[in-house]
Amino acid sequence: MTDIKVILLDGSKIELSKGATLFDAACKISPRLGKEAIAGIVNGAKKDLDYVLEDDDHIEILTFSSSDGKEIYHHSTSHIMAQAVKELFPEAKLAIGPAIKDGFYYDFDIERSFTPEDMVIIEQKMKEIIERDLPFKKIEVNKEEAKKIFKDKEEKYKLELLEDIQDEKVTLYQQGDFMDLCRGPHVPSTGKIKAFKLLSVAGAYWRGNEKNKMLQRIYGISFDKKSELENYLRLVEEAKRRDHRKLGRDLELFSMHDEGVGFPFFHPKGMVLRNILENYWREEHQKSGYTEVKTPIILNKSLWMKSGHWDHYKENMYFTKIDEEDYAIKPMNCPGGILIYKCSLHSYRELPLRMAELGLVHRHELSGVLHGLFRVRCFTQDDAHIFMTPDQIGEEIKGVIDLTDRLYKTFGFSYHVELSTKPENAMGSDEIWEKATKSLEEALIEKEIKYIVNEGEGAFYGPKIDFHLKDCIGRSWQCGTIQLDFIMPEKFDLFYINKTGDKERPVMLHRTILGSIERFIGILIENYAGAFPVWLSPVQVKLLPIADRHIDYGKNIMKELKKHSIRAELDEINEKIGAKVRKAELEKVPYMLIFGDKETEEDLVSVRKRGEGDLGKIKLTRFIEDILKEIKEKTL
RNA sequence: GCCGAUGUAGCUCAGCUGGCAGAGCAGCUGAUUUGUAAUCAGCAGGUCAUCCGUUCGAAUCGGAUCAUCGGCUCCA
């Protein structure tokens, strides 16, 4: 018997007897890998573990720890779920069941709608199937044979899928009595799945097209260890605990009302937070050479025709009439900013002109997508429009990148960058787009920032760089965006006077950093779980007298704190100190000052820090110094 | 917008097969004067989302509307 050699990922080779499978290779590398192996990659193609290797094959063994491995694992779990559903509800028709970023789903066409109780039964059945430890068998057949099989099974969606497959040969996977059209690969047997959970059921259109039939989609997730599933479920719980919609109400920051769906109401404490945020934003923009403007919310239709919004953005806009004339409520700030630019003649010496605007825009979002402060119908963009000469593009983009970096770091966020290119409904020529896209790319390369490219995801007037920031539990949020625009200056006939006294066309750059103030506040709430750093806290200090006779002392402290613009509240409620402390902790106030007979005699306060406890007695003046330092430095 | 679930006091929730609307927390009043995450007692609080219907009788059953939540991008 001759041996074969296969080449591993690191270039090393191992010897195997002829006829050896991927699984044999995994075992040979290490018994542990053999145990953990899910599937493998042979010469770049994903294969099942029972794939027979040949001499000089390049192989890689996949385990759950790789994203490819996870995907296969999730996909196999979706097949098990489909089998369970078919066993319980034979009338259900199978659509598709892929792995997704965070788990898997399977779409079914079935008359009844799945209930939470059904989920429990399906999970039960899945456990049974896993216990049966059925092998996943790969079957290769001709397309015609496959058609016959699924015709007999009356699986019309599978037949439809078959129609779209070009290859003559297709693969089927079978475990037990369950057979599915599938490219594979799969885990060797159902017993491989160690921990799973069905998460939710939702409607979804066949092939994502609303003209097609609505199917029922069941979502789930699986892991190769019970503890990892528990971790995942804990993270879901943690996200729920941080939900800004609940915290926003509990901490009296904002509210939502039926009378204005998608239009958030900011309460006094929410406004404190908002004003701090906006003031900080203004300071940083002034430092970076921006001026600030404010443009009207309602503007004449003619402006929106000219800007292209009428043609490209109408579905998302609100309209009104004034004196029989059509007006639109602005969905973006740029046309207003352009009118300001056009008010005067500009010299090349003025450029770049950086015009910032905290602009309130309204957009008609579908009712089903509204979500707290994250997805609303009116929001304040921290917008800016930079008018510049073409040779200033690079520097300006880099300037915006720097400012963005500074702002995000202040809140403790890390981030990643994505570049979006020309979309289908774009205005302007390919050359202009190419030039604009290249400028953005060059700035990123020069700044040594890694980025992902999203083809066709740009705005209709230009390509863009998006900043996605990452919160403390690992979720990412799209906030900042830089969009280069050669088209608006053209449409509005913008110009500046160059050195030689001739008119020249400026380039425009649209950008936001926080994105939407409302949304950013939502992100801050979730990131800090409502426990804001001192500089952002609506109430920074809570004054807690031990007994009623110490209230006057508290009022004096209050006066002192006010002198330094420290935001404090005095708790005058007739309660034991434990209850007052509890209340302040639940309100997530960063500092509590507690004072009774001992403190009043010596001008002291007992300091308690949120989440940490008693820090001991110090002079009030000392406390003020310390907290002012913390506020000034924006300590996290 | 579409599919599904949900909607009872400010909040969290109970209320069975139709028969007088309930609790805890929060609020108010009083007692207590408290030493680092809940003192005790009393009071008040409701168009059971809205409308229409079935019924002797509807929070409960049916329909419509509104809102909220989850999903509708991931393609064998």
Side-chain angles (χ1 to χ4, degrees), chain A residues 71 74-75 78-79 82 94-107 112-116 143 146 150 155 157-165 167 170-173 180-184 199-219 240 243 245-246 249-250 252 255-262 315 364-372 454 457 542 544-551 573-587 592-599 606-617:
Chain A
E71 193 186 317
H74 288 148
H75 189 191
S78 96
H79 274 229
L94 300 169
I96 55 165
I100 51 175
K101 194 173 79 238
D102 232 356
F104 60 87
Y105 67 77
Y106 212 112
D107 286 345
R112 65 175 292 164
S113 42
F114 291 123
T115 63
K143 211 160 110 178
F150 287 110
E155 293 288 0
Y157 297 98
K158 294 295 170 190
L159 285 171
E160 213 180 308
L161 291 171
L162 273 169
E163 290 302 325
D164 290 351
I165 295 177
D167 307 337
V170 299
T171 54
L172 308 175
Y173 273 81
D180 198 356
L181 175 68
C182 182
R183 188 188 289 137
L199 299 172
S200 61
V201 56
Y205 299 106
W206 168 236
R207 301 197 147 174
N209 186 336
E210 61 186 281
K211 289 192 188 91
N212 290 339
K213 183 159 184 191
M214 173 74 70
L215 307 172
Q216 289 203 64
R217 174 172 296 180
I218 303 178
Y219 286 90
K240 214 186 263 173
D243 193 320
R245 292 167 299 187
K246 181 167 168 46
R249 187 177 54 222
D250 291 351
E252 298 174 344
S255 59
M256 294 293 191
H257 300 271
D258 289 1
E259 290 81 353
V261 174
E315 291 77 60
H364 181 77
E365 301 288 349
L366 293 177
S367 61
V369 305
L370 301 175
H371 182 100
N454 296 320
E457 300 276 311
K542 194 99 183 193
L544 310 179
I546 295 287
D548 285 358
R549 64 177 176 281
H550 308 117
I551 287 177
I573 198 169
N574 180 355
E575 274 287 3
K576 297 209 296 195
I577 193 67
K580 294 180 199 177
V581 165
R582 181 182 143 83
K583 203 170 142 215
E585 287 278 354
L586 290 175
E587 287 168 7
M592 285 151 260
L593 296 184
I594 298 167
F595 38 92
D597 292 338
K598 292 175 215 162
E599 289 82 359
S606 274
V607 181
R608 183 189 161 101
K609 194 166 183 182
R610 170 187 64 201
E612 290 181 25
D614 196 356
L615 299 183
K617 291 194 232 328

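Order of the sequence lines fixes the chain letters, A, B, ..., with proteins taken first and strands second; residue numbering starts at 1 for each chain.
Rounding to whole angstrom units, NZ of residue A:K583 and C1' of B:A38 are separated by 12 Å. The distance between atom CD1 of A:I573 and atom P of B:U39, rounded to the nearest whole Å, is 10 Å. Rounded to an integer number of Å, the gap from CG of A:D250 to P of B:C11 is 10 Å. Note: CD (A:E599) to P (B:U36) measures 12 Å, nearest angstrom. What separates CZ of A:F114 from P of B:G4 is a distance of 13 Å, to the nearest Å. Going from atom CD of A:E575 over to atom P of B:G35 covers 13 Å, rounded to whole Å. In this entry the distance linking CD of A:E587 with C1' of B:A38 reads 14 Å, nearest Å. In this structure, A:M256 atom CE and B:G10 atom P are separated by 20 Å, rounded to whole Å.
Look at the C1' atom in both B:C66 and B:G22: the space between them is 27 Å, to the nearest Å. Between the P atoms of B:G15 and B:U73, the separation comes to 36 Å (whole Å). Rounded to a whole angstrom, the distance from the P atom of B:G63 to that of B:G45 is 35 Å. Rounded to whole Å, the separation between the C1' atoms of B:U68 and B:G35 comes to 44 Å. As rounded to the nearest Å, B:U17 and B:G10 have P atoms that lie 27 Å from one another. When the P atom is used for both B:G46 and B:U6, the distance is 27 Å, rounded to whole Å. With P as the reference atom, B:C74 and B:A58 are 48 Å apart, rounded to whole Å. Taking atom P on both B:G1 and B:C43, the two are 47 Å apart, rounded to the nearest angstrom.
Base engagement by A:G596 is indicated by at least one non-hydrogen atom pair under 4.0 Å involving a base atom. Across all strands, A:D258 comes closer than 4.0 Å only to sugar-phosphate atoms, never to a base (heavy-atom distances). Note on A:D597: a base of the nucleic acid sits closer than 4.0 angstrom, heavy atoms only.
A salt bridge does not link A:E585 to A:R610: none of the charged side-chain nitrogens sits closer than 4.0 Å to a carboxylate oxygen. With respect to A:D164 and A:R207, a salt bridge is recorded, a charged nitrogen being found less than 4.0 Å from a carboxylate O. Ionic pairing of A:K583 and A:E575 is not present here: no N-O contact between side-chain nitrogen and carboxylate oxygen is shorter than 4.0 angstrom. A:R217 has a carboxylate O that lies under 4.0 Å from a charged side-chain N of A:D107, or vice versa, which qualifies the two as a salt bridge.
At least one donor-acceptor pair under 3.5 Å links the side chain of A:Q216 to the backbone N or O of A:F114.
When each of B:A67, B:A37, B:U36 is scored by its nearest atom to the side-chain atoms of A:V261, the top-ranked nucleotide is B:A67. For A:L586, the listed nucleotide lying nearest its side chain is B:A37; candidates were B:U39, B:G35, B:A37. Minimum atom distance to the side chain of A:D548 is reached by B:U33, of the listed B:G27, B:U33, B:A38. Listed nucleotides B:G27, B:G35, B:A38 differ in distance to A:A579; the shortest reach to its side chain belongs to B:A38.
Remark: A:K598 pairs with A:K617 by the side chain to side chain contact (heavy atoms under 4.5 Å, CB included) rule, at least two apart or across chains. Residues passing the salt bridge (charged side-chain N to carboxylate O under 4.0 Å, His left out) test with A:D597 are A:R549, sequence neighbours excluded. Partners of A:Y219 by ring-ring contact (aromatic ring centres under 6.0 Å, His included), not counting sequence neighbours, listed by chain and number: A:Y105. Residues passing the side chain to side chain contact (heavy atoms under 4.5 Å, CB included) test with A:D102 are A:I221, A:Y232, sequence neighbours excluded.
A donor-acceptor contact under 3.5 Å is not formed by the side chain of A:E252 with the base of B:G10.
In terms of position along RNA chain B, the nucleotide closest to A:K246 lies nearer the 5' end than the nucleotide closest to the other residue of the pair A:K246 and A:F595. When each of A:G611 and A:S367 is assigned the nucleotide of RNA chain B with its nearest heavy atom, A:S367 is the one assigned upstream, toward the 5' end.
Ring pair A:F104/A:H74 is tilted by interplanar angle, where 30° to 60° counts as tilted.
RNA chain B contains the following stems of three or more consecutive Watson-Crick or G-U pairs, with both distances under 3.5 Å: B:1-7 with B:66-72, B:10-13 with B:22-25, B:27-31 with B:39-43, B:49-53 with B:61-65.
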When you check every protein heavy atom under 4.0 Å of nucleotides 69-76 of chain B, what one-letter string (B, S, -) results, 5' to 3'? SBBBSBBB

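Considering all non-hydrogen atoms of both residues, A:H75 and A:G97 come closest at CD2-O, 3.3 Å.
Between A:R582 and the phosphate of B:C25, there is no side-chain N or O to OP1/OP2 separation shorter than 4.0 Å.
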